[in-house]
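Reviewing the structure listed below.
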2 protein chains.
Amino acid sequence: MTQRQNEIINAAIQLIAEKGIQGLTIKNLSKAIKVTEPAIYRHFESKTSILVAILENFKNFTATISSEILSRDESALDKIFMIYRAYYNKFTETPSLVSVIFSDEIFKNDKNLSKKIASLLSANEEMFCSIIKEGQKAKEIRNDIDNKQIALIIMGAMRLLVKKWETSAYAFDLKKEGKKLFNAIKAIIQK
Amino acid sequence: MTQRQNEIINAAIQLIAEKGIQGLTIKNLSKAIKVTEPAIYRHFESKTSILVAILENFKNFTATISSEILSRDESALDKIFMIYRAYYNKFTETPSLVSVIFSDEIFKNDKNLSKKIASLLSANEEMFCSIIKEGQKAKEIRNDIDNKQIALIIMGAMRLLVKKWETSAYAFDLKKEGKKLFNAIKAIIQK
DNA sequence: TTTTGGTTAGTGATTATTAACTAACTTAGT
DNA sequence: ACTAAGTTAGTTAATAATCACTAACCAAAA
C-alpha cells in the first residue's frame with residue numbers, strides 16, 4: 001500500500017460515509033484528493049478494487065485484534081470487553097469507517113464483495129460464540145441461555161450503539177457509552 | 001395508492017433487496033412491471049418519491065402496531081413480545097422489506113429521506129424505552145440497569161437477528177428463532 | 001533512459017427525465 | 001342513445017448529464 005493508495009482509500013471511506021455508495025464516484029474521489037479522474041487508475045485498476053482494498057484493510061484489523069485477544073489468558077468477560085474497546089477505538093479514530101463496515105448494502109452489487117463482508121461477520125460471530133462457550137464452562141457466564149443467543153445479544157447491542165453514534169453524527173463519546181453498555185451486558189450475562 | 005403504484009413499490013423493494021440501491025433504476029423497475037420507462041412517471045413524479053412512498057408505507061405500519069399494542073392492558077414483557085412478533089410477521093410476509101428498512105445507506109443520498117429513516121428509528125427507541133420504564137415501575141423488569149441500555153440490547157438483538165436472516169437468504173424460520181431470542185431476553189431482563 | 005504519476009481529450013454505456021403522440025375508457029351534453 | 005370532450009395510461013424518441021474507463025501525451029525523478 002503506497003501513500004497515495006491509502007489517501008484514495010480514506011477519501012473513498014469518507015465519501016461513502018457522507019453520501020452513501022452512490023456518492024462514491026471516480027469524479028468525486030479525484031476531486032477529493034485533488035487530481036484528475038484518470039490519475040486514480042494509476043493506483044487502482046478499477047473502482048471495485050478500491051472497495052476490495054477497504055474490506056481487506058478492515059479484515060486485517062479484525063484478524064489482528066482477534067488473534068491477539070484470543071491468545072491472552074484473560075477471563076471471557078474481559079476478552080469481550082477488550083474486543084469492544086478495540087472496535088470503539090478504531091471507529092473513534094476513523095468514524096466514517098462505520099458507514100462502510102456496517103453496511104452490506106454497499107457491497108450488494110458485487111457478489112465477490114458481498115461474500116467477503118458476510119464472511120467477516122460470521123468470523124466475528126464465531127469468535128464471540130467460542131469466547132462465551134469458554135466463559136460458560138468456567139462458570140463465569142450464565143449457563144441457562146444458549147451461547148448463540150448471548151452472542152446475538154452482545155453483537156447486536158454493540159452494532160446498534162455504533163449505528164446510533166453514526167446517525168447522531170458522532171455526537172456522543174462512543175468509548176464512554178460503549179463502556180456503559182458493556183457494564184449493562186456484564187451484569188446481565190455473568191453468573 | 002393505486003394498484004399500479006403498489007405494484008411499483010413492491011417491485012422497487014424487490015430490486016433493492018436483490019441488487020442494492022444501485023440496482024434500483026427506472027429501467028430495471030419498468031422491466032420488472034413490464035412497461036416502458038416513461039410509464040413509471042405516470043404514477044410517480046420522480047424516483048425519490050418512490051422511495052418516499054416505501055418509507056411512508058412502513059411508517060404507517062409501525063404507527064399502527066405501536067398505537068395498538070401500547071393501548072392494550074398487558075405486561076411490559078408481553079408488549080415487547082407482541083412488537084417483536086408483529087415485526088417478524090411483517091418481514092416474513094415481505095422479506096425483501098428488510099433490506100430497505102434496515103439500511104439507512106439507501107437513503108443517504110437524500111437529506112429528506114435520511115431524516116425520515118432516522119426519525120423512524122428514534123420513534124421506535126422511545127416506544128421501547130417507555131415500555132421498559134413501565135415494566136421497571138411494575139417490578140416486572142430488573143431495575144439495576146438503565147432502561148436505555150435495556151432498549152439498546154432488545155432492539156439491537158432483534159435487528160441483528162433479522163439482518164442475519166436476510167444474509168442467510170431467509171434460510172431459517174424467523175418467527176421461530178425470534179421466539180427463541182425473546183425467551184433469552186426475557187430470562188435476562190425480568191426481575 | 002526508463003519509470004512513475006500526472007495531464008487532456010474522448011470513449012460508449014447508462015442515468016433520470018421529458019416531449020409528443022395515441023388508444024381506450026369515462027363523463028357530460030344533447 | 002349518441003356524440004363530443006376529457007382523462008388515463010401507455011408508447012416511441014430524444015434529452016442532457018453522468019458513469020467508469022482508456023488512449024495518447026508529458027514532465028520530472030530515479
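Since the model is a prediction, treat every value here as computed from it, not as a measurement. Lettering follows sequence order; numbering is per chain, from 1.
- Among C:dT7, C:dT15, D:dG10, the nucleotide with an atom closest to any side-chain atom of B:Val35 is D:dG10.
- For C:dT4, the OP1/OP2 oxygens have no side-chain nitrogen or oxygen of A:His43 closer than 4.0 Å.
- Rounded to whole Å, the distance from NZ on B:Lys27 to P on C:dA13 is 11 Å.
- Between C:dA16, D:dA20, D:dG10, one nucleotide has an atom nearer to the side chain of B:Ala39 than all others, and that is D:dG10.
- Here D:dT11 is the nucleotide among D:dT11, D:dC21, D:dG10 with the atom lying nearest to any side-chain atom of B:Pro38.
- Candidate nucleotides C:dC21, D:dC21, C:dT8 were compared by shortest atom distance to the side chain of B:Arg42, and C:dC21 ranks first.
- Distance CD1 (A:Ile21) to C1' (D:dC19): 13 Å, rounded to an integer number of Å.
- Distance A:Ile40 CD1 to C:dG6 P: 9 Å, rounded to the nearest Å.
- A donor-acceptor pair under 3.5 Å links the side-chain atoms of B:Gln136 to the main chain of B:Ile145, judged by distance alone.
- Across all strands shown, A:Leu24 has heavy atoms under 4.0 Å from sugar-phosphate atoms exclusively, and none from any base.
- Separating the CZ atom of B:Phe44 from the P atom of C:dT18 is a distance of 16 Å, rounded to the nearest angstrom.
- Between A:Ile26 atom CD1 and C:dG10 atom P there is a gap of 21 Å when expressed in whole angstrom units.
- The pair B:Glu7-B:Arg4 counts as a salt bridge, with a side-chain nitrogen and a carboxylate oxygen less than 4.0 angstrom apart.
- With A:Gln14 as the partner, the side-chain contact (heavy atoms from CB on, under 4.5 Å) test is satisfied by one option alone out of A:Ser96, A:Pro95, A:Ser99: A:Ser96.
- A:Thr36 comes within 4.0 angstrom of a base, heavy atoms only.
- Geometric assessment of B:Lys163 against the ring of B:Phe102 yields a negative cation-pi assignment under the 6.0 Å and 45° thresholds.
- Computed from coordinates, the A:Lys47 NZ to D:dC19 P distance equals 8 Å when rounded to whole Å.
- Distances from the side chain of B:Tyr41 to the nucleotides D:dA20, C:dA16, D:dG10 place C:dA16 closest.
- Annotation: A:Phe81 is not in aromatic contact with A:Tyr84 [ring centroid separation under 6.0 Å not met].
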